[in-house]
Protein chains: 4
Amino acid sequence: MEPFSQNEPIYRQIMDRLCRAVVRGNLVPGERLPSVREMAVEFGVNPNTISRVYQELERLGVTETRRGQGCFLTDAERIATLRRELSRRAIDRLLTEMAAMGFSREEILRSVSDHLFGGDNP
Amino acid sequence: MEPFSQNEPIYRQIMDRLCRAVVRGNLVPGERLPSVREMAVEFGVNPNTISRVYQELERLGVTETRRGQGCFLTDAERIATLRRELSRRAIDRLLTEMAAMGFSREEILRSVSDHLFGGDNP
Amino acid sequence: MEPFSQNEPIYRQIMDRLCRAVVRGNLVPGERLPSVREMAVEFGVNPNTISRVYQELERLGVTETRRGQGCFLTDAERIATLRRELSRRAIDRLLTEMAAMGFSREEILRSVSDHLFGGDNP
Amino acid sequence: MEPFSQNEPIYRQIMDRLCRAVVRGNLVPGERLPSVREMAVEFGVNPNTISRVYQELERLGVTETRRGQGCFLTDAERIATLRRELSRRAIDRLLTEMAAMGFSREEILRSVSDHLFGGDNP
DNA sequence: GTGGTCTAGACCACT
DNA sequence: GTGGTCTAGACCACA
């Protein structure tokens, strides 16, 4: 597992990883997530940090916590929405940054294409 | 001027704006930047915050501070390098995120293209 | 504890002292350093000054700051590298200065040897 | 000519260079130094900076300024003293630093010797 | 508890 | 005029 960056809060990095796992389909809708303690061990962090992660995920509508039973993924539909939303944000972010740096639309598309399908050091 | 986000340190937001301005060509290589105090007024922040910005920019090789004279942009070559570096990072970031969400290369390129040239939020 | 010189910034003097303590082996690799506030009391300076010290040490690769936990020394290997690097710089500096003053290699070596093992100020 | 470092005041860097030139014998005792303006042009700095240099050199007893005639080097004896003094300080400094880093006298001498007479990357 | 950021205001050295 | 440093004190996010 990749180590955590120091520039971003750990809880947010874990959130991102979980969201991506969900959206990628590694975790199926309705599935029960590991307990806070298990997750804390797995990531090698303080359980409080995982608690924070689960709180935020619930706030985002990705999971729902059932008292005494654990933390469960929501239904497939919300996850599909999440997937669309996350990708939209990521792309918007890139386009905004590149535009602020003075790249034209054509340049942006070409750069992305080069990075995707070009050589090792495109 | 846009207000500052609260999620990211102000000095970093100012850094980003200046970097983009430089890379976009709004600031000419070798040019003297506004003094710390002027910049502080312009951005409505404390001069110490701008000081931090200038220090970090110098550490990045974007500017060069000359004692008692001010803060100057580096040469065109380093700025060109910066431009390439910043765009590379932004694109890498997007591709990493999208891949982690399970998007294929083709899907990524199509999504970017759609955002750029299609839809209501191009 | 020795008082601070006025010719050099305090944060740099503290950096130097810490680096030497590390390199001397007084501080063990991986060990947690005193908190910013503790260190500030110990050195009789403002916590912000220590903050600056820790930031610079991290930039040098001497320490690693973990969010909410504190500032930790890096591994033994990097510290060994630091030791070599610092001594190399100090010696290079001397040799450059002495050469610029017109001392031959033999004279330099003899002078150093005299200072080390001869005279009243060895 | 080497460019100036940004970490140390320019006037001090120029002082050091001049002192070394004097001590090396490039400038002969009693000789008249270039005028402030000439020196300023030569070093590409503000004349005020050279004025400061000459003030400090006079304070050190390296030069003496004769009204309307210019700035002259002192006699050979004082220069010989200066030479001894500067080399002593430089060596003391090295030994102090190395000792603070935990190097023994033998290690110091060996390191210096290696740097002087060893390979390209000693 | 930890470090990080920001402000206000001061003083200083340098050019 | 310039940037650099330091203090005092505040607030915040993180673990």
Side-chain angles (χ1 to χ4, degrees), chain A residues 4 6-14 40 43-53 55-56, chain B residues 4 6-14 32-40 43-58 63-72, chain C residues 4-14 32-40 43-58 63-72, chain D residues 4 6-15 40 43-53 55-56:
Chain A
F4 293 112
Q6 354 184 20
N7 303 322
E8 208 181 354
I10 292 179
Y11 85 89
R12 182 170 292 274
Q13 295 180 56
I14 295 178
F43 280 114
V45 300
N46 192 302
N48 291 334
T49 305
I50 302 296
S51 285
R52 175 80 186 265
V53 170
Q55 281 173 30
E56 299 286 336
Chain B
F4 292 114
Q6 342 182 24
N7 302 324
E8 207 181 355
I10 294 178
Y11 81 88
R12 189 172 292 276
Q13 296 180 53
I14 295 178
R32 182 175 168 281
L33 293 178
S35 79
V36 167
R37 294 156 173 92
E38 287 168 354
M39 200 73 116
F43 280 113
V45 299
N46 189 289
N48 286 332
T49 304
I50 301 295
S51 235
R52 174 90 187 258
V53 170
Y54 278 1
Q55 279 173 31
E56 300 282 345
L57 287 180
E58 181 160 21
T63 62
E64 187 182 345
T65 296
R66 301 183 204 144
R67 316 176 64 95
Q69 298 187 248
C71 186
F72 297 79
Chain C
F4 291 114
S5 148
Q6 343 182 25
N7 303 324
E8 208 180 357
I10 294 179
Y11 82 89
R12 188 173 293 274
Q13 296 180 53
I14 296 179
R32 184 177 166 281
L33 293 178
S35 80
V36 167
R37 293 157 174 89
E38 288 168 354
M39 199 71 116
F43 280 113
V45 299
N46 189 288
N48 286 333
T49 305
I50 302 295
S51 235
R52 173 88 188 258
V53 169
Y54 279 2
Q55 279 174 29
E56 300 282 346
L57 287 179
E58 182 160 22
T63 62
E64 188 181 345
T65 296
R66 300 183 204 144
R67 314 175 65 93
Q69 297 188 249
C71 186
F72 297 80
Chain D
F4 293 112
Q6 354 184 19
N7 302 322
E8 207 180 354
I10 292 180
Y11 85 88
R12 183 172 292 276
Q13 296 180 53
I14 294 178
M15 270 182 66
F43 280 113
V45 300
N46 192 301
N48 291 334
T49 304
I50 302 295
S51 285
R52 176 78 187 266
V53 170
Q55 280 173 32
E56 299 286 336

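Chain identifiers are assigned alphabetically (A, B, ...) following the order of the sequence lines, protein sequences preceding nucleic acid strands; residue numbering begins at 1 within each chain.
Looking at B:T65, B:T63, B:I50 one by one, the single match for side-chain contact (heavy atoms from CB on, under 4.5 Å) with B:L33 turns out to be B:T63.
The closest side-chain heavy-atom distance from B:R67 to D:F4 is not below 4.5 Å. Between D:F43 and D:V53, every side-chain heavy-atom pair lies at or beyond the 4.5 Å cut-off.
When the P atom of E:dA13 is taken as reference, atom CD of D:E56 falls 11 Å away, rounded to whole Å. The distance between atom CG of D:N7 and atom C1' of F:dT5, rounded to the nearest whole Å, is 15 Å. C:Q55 has its CD atom 10 Å from the C1' atom of E:dT5, to the nearest Å. Rounded to whole angstrom, the span from the CG atom of C:L33 across to the C1' atom of E:dT2 amounts to 13 Å. For the pair B:M39 CE and F:dT2 C1', the computed distance is 14 Å after rounding to whole Å.
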What one-letter contact string describes nucleotides 6-15 of chain F from 5' to 3', where B marks a base within less than 4.0 Å of any protein heavy atom, S marks contact via sugar-phosphate atoms alone, and - marks no contact? BBBB----BS
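B:S35 meets the side-chain contact (heavy atoms from CB on, under 4.5 Å) test with B:R32, B:R37, B:E38; sequence neighbours excluded. Listed by chain and number, the residues in a side-chain contact (heavy atoms from CB on, under 4.5 Å) with B:R52 are B:Y11, B:E56, C:Q55 (sequence neighbours excluded). Taking B:S51 as the reference, nothing meets the side-chain hydrogen bond (donor to acceptor under 3.5 Å, both in side chains) condition, with sequence neighbours excluded. With sequence neighbours left out, the side-chain contact (heavy atoms from CB on, under 4.5 Å) criterion links D:N46 to D:N48, D:T49.
Annotation: A:R12, atom CZ; neighbour count of heavy atoms from other residues, nucleotides and ligands within 6.0 Å does not exceed 12.
Regarding contacts with the backbone of E:dT2, a side-chain N or O of C:S35 is found under 4.0 angstrom from either OP1 or OP2.
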What pattern of brackets, bars and dots sums up DNA chain E from 5' to 3', given Watson-Crick or G-U wobble pairs under 3.5 Å, [ ] for crossing pairs and | for another strand? ||||||||||||||.
